[in-house]
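Take a look at the structure below.
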There are 2 protein chains.
Amino acid sequence: MTDFVLDEFLPYQLAVLAERTSREFSALYRERFGISVAEWRVLAHLSQSGTVGVREIHARAAMDKSKVSRAAARLQAQGLIAKKTDPRDRRLVALSLTDRGRALVDQILPLARAYEAEVEARLGPARASALREALQALQKGGSQ
Amino acid sequence: MTDFVLDEFLPYQLAVLAERTSREFSALYRERFGISVAEWRVLAHLSQSGTVGVREIHARAAMDKSKVSRAAARLQAQGLIAKKTDPRDRRLVALSLTDRGRALVDQILPLARAYEAEVEARLGPARASALREALQALQKGGSQ
DNA sequence: GCAATTTCGTTGCACTTGCAATGAATGCCG
DNA sequence: CGGCATTCATTGCAAGTGCAACGAAATTGC
């Protein structure tokens, strides 16, 4: 009964755009390299942080830990990552890229940069950086 | 190797935030009203446009048409929407809210506005409108 | 007017996902 | 030290999802 406009509702807007961009980008690696979005996300994390636990990806990427766990299992089965239990805390699983995994990431990263550039071109530099800034702020949870 | 920073990669950033906000918001209606995110999205569309086809929601909300179709089936089973075939074009299915559906939407909308307000408060007005503006722009420039 | 093509929504099927429960390992605190 | 609570990652299971295939209906081009 009110002035609610779906197209301006943030969760909706974010979901639509996330779906579109993730899908658009995944088209670039999906069939060519045979990995899914969830798997790419795990790989990307590993390429950033070297060796990471399931828990950390779960928290940072907002993926359910079972989703991370299973994506990791699939990647391991493909020989792209290694899983070994941390000797200091044997509950933890240390994920890391294998050589093949690193090689794959190195093939995908240029695609990621290209896609990023294309999106920025669509937006224009001013809006692009404003978007980035706002998204970062939202992530932190505050207005700082 | 490169200057790729996952936290600044747009598809990733959007996916993380979309997941977080959708989940956070859905917590407000999910168990209370027993509907899922997909179902809420269909309801929200109907509340905006009166009577809509599956195809339109599919296109605008970036939901697979089977996802829309099945969400609609579940909503119909719950008596929240009505499905009738368009007499002018009998391939089309016209979705519309039932009275019960309208009543449910009227209960959820205040929650949506409250959540929206909270997010805006987190961001601050300047960033909030910048975000909105950028997201709108991305929507227009994207693929259909 | 009719065959070929396109559009629309649904469905079969394999796979993924979310959630809760589990097992293993650690931390806590008396 | 020893029991209890907590933290991790995995897994069972039901439900949801994506994709391709399908049937029905409309549109196109001849």
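The sequence lines fix the lettering, A, B, ..., with proteins before strands; numbering per chain opens at 1. For clarity, every value in this text was computed on a predicted model and none was experimentally measured. Note: hydrogens, waters and symmetry copies are ignored here, and every other heavy atom, side chains too, is used.
- Between Leu95(A) and Leu75(A), the closest side-chain pair of non-hydrogen atoms is not below 4.5 Å.
- No side-chain donor-acceptor contact under 3.5 Å links Ser49(B) to the backbone of Leu46(B).
- Counting only heavy atoms from C-beta outward, the side chains of Arg113(A) and Asp3(B) approach each other to under 4.5 Å.
- Every residue meeting the ring pair (Phe, Tyr, Trp, His ring centres under 6.0 Å) condition with Phe25(B), not counting sequence neighbours, appears here in chain and number order: Phe9(A), Tyr29(B), Trp40(B), Tyr115(B).
- Judged as a salt bridge (charged side-chain N to carboxylate O under 4.0 Å, His left out), the pairs with a partner in residues 10-25 of chain B (not counting sequence neighbours) are, in order, Glu19(B)-Arg23(B), Glu24(B)-Arg122(B).
- Near DNA chain D, defined here as any heavy-atom distance below 4.0 Å, there are no residues from residues 28-44 of chain B.
- Remark on DNA chain D: of its neighbouring residues Asp64(A) and Arg23(A), the 5'-side contact belongs to Asp64(A), judged by nearest-heavy-atom nucleotide.
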Please tabulate, for side-chain N and O atoms in residues 127-135 of chain A, each donor-acceptor pair with protein atoms closer than 3.5 Å (sequence neighbours left out).
from: Arg127(A); atom 1: NE; to: Leu123(A); atom 2: O; distance (Å): 3.4
from: Arg127(A); atom 1: NH1; to: Glu133(B); atom 2: OE1; distance (Å): 3.4
from: Arg127(A); atom 1: NH1; to: Glu133(B); atom 2: OE2; distance (Å): 2.7
from: Ser129(A); atom 1: OG; to: Ala126(A); atom 2: O; distance (Å): 3.2
from: Arg132(A); atom 1: NH1; to: Glu116(A); atom 2: OE2; distance (Å): 2.8
from: Arg132(A); atom 1: NH1; to: Glu8(B); atom 2: O; distance (Å): 2.5
from: Arg132(A); atom 1: NH2; to: Glu116(A); atom 2: OE2; distance (Å): 3.2
from: Arg132(A); atom 1: NH2; to: Glu120(A); atom 2: OE2; distance (Å): 2.7
from: Glu133(A); atom 1: OE1; to: Arg127(B); atom 2: NH1; distance (Å): 3.3
from: Glu133(A); atom 1: OE2; to: Arg127(B); atom 2: NH1; distance (Å): 2.6

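- Screening residues 82-92 of chain B for side chain to side chain donor-acceptor pair (under 3.5 Å), with sequence neighbours left out, gives Asp89(B)-Arg91(B).
- Residues forming a side-chain hydrogen bond (donor to acceptor under 3.5 Å, both in side chains) with His58(B) (at least two apart in sequence, or on another chain): none.
- A donor-acceptor pair is defined here as one N or O able to donate and one able to accept, closer than 3.5 Å; such a pair exists between the side chain of Thr98(B) and the backbone of Gly79(B).
- Note on Ile57(A) and Leu92(A): separate hydrophobic clusters, where clusters join Ile, Leu, Val, Met, Phe, Trp and Tyr whose side-chain heavy atoms are under 4.5 Å apart, directly or indirectly.
- Axis orientation changes by 30° from one end of the helix from dG1(C)-dC30(D) to dG30(C)-dC1(D) to the other, with each end axis drawn from 5 pairs and the value rounded to 10°.
- For Lys67(A), whose side chain is taken as the heavy atoms from C-beta onward, the closest listed nucleotide among dC19(D), dT17(C), dA9(D) is dT17(C).
- Nearest heavy-atom pair across Tyr12(A) and Leu6(A) is CD2-O, 3.2 Å.
- Heavy-atom distances under 4.0 Å link DNA chain D to Arg91(A), Leu92(A), Val93(A) of residues 87-98 of chain A, given in residue order.
- Rounded to an integer number of Å, the gap from CE of Met63(A) to C1' of dC19(C) is 16 Å.
- Partners of Arg70(B) under the side-chain hydrogen bond (donor to acceptor under 3.5 Å, both in side chains) rule, at least two apart in sequence or in another chain, do not exist in this structure.
- Here salt bridge (charged side-chain N to carboxylate O under 4.0 Å, His left out) pairs that include residues 34-55 of chain B, with residues two or more places apart or in two chains, are Glu39(B)-Arg74(B).
- Listed by residue number, the members of residues 47-55 of chain A with any heavy atom below 4.0 angstrom from DNA chain D are Gly53(A), Val54(A), Arg55(A).
- A distance-only check finds a donor-acceptor pair linking the side chain of Ser47(A) to the backbone of Ala44(A) [under 3.5 Å].
- The side-chain heavy atoms of Asp7(A) and Arg60(B), taken from C-beta on, include a pair separated by under 4.5 Å.
- Within residues 68-86 of chain A, the residues approached by DNA chain D to less than 4.0 Å at the level of any non-hydrogen atom are Ser69(A), Arg70(A), Lys83(A), in residue-number order.
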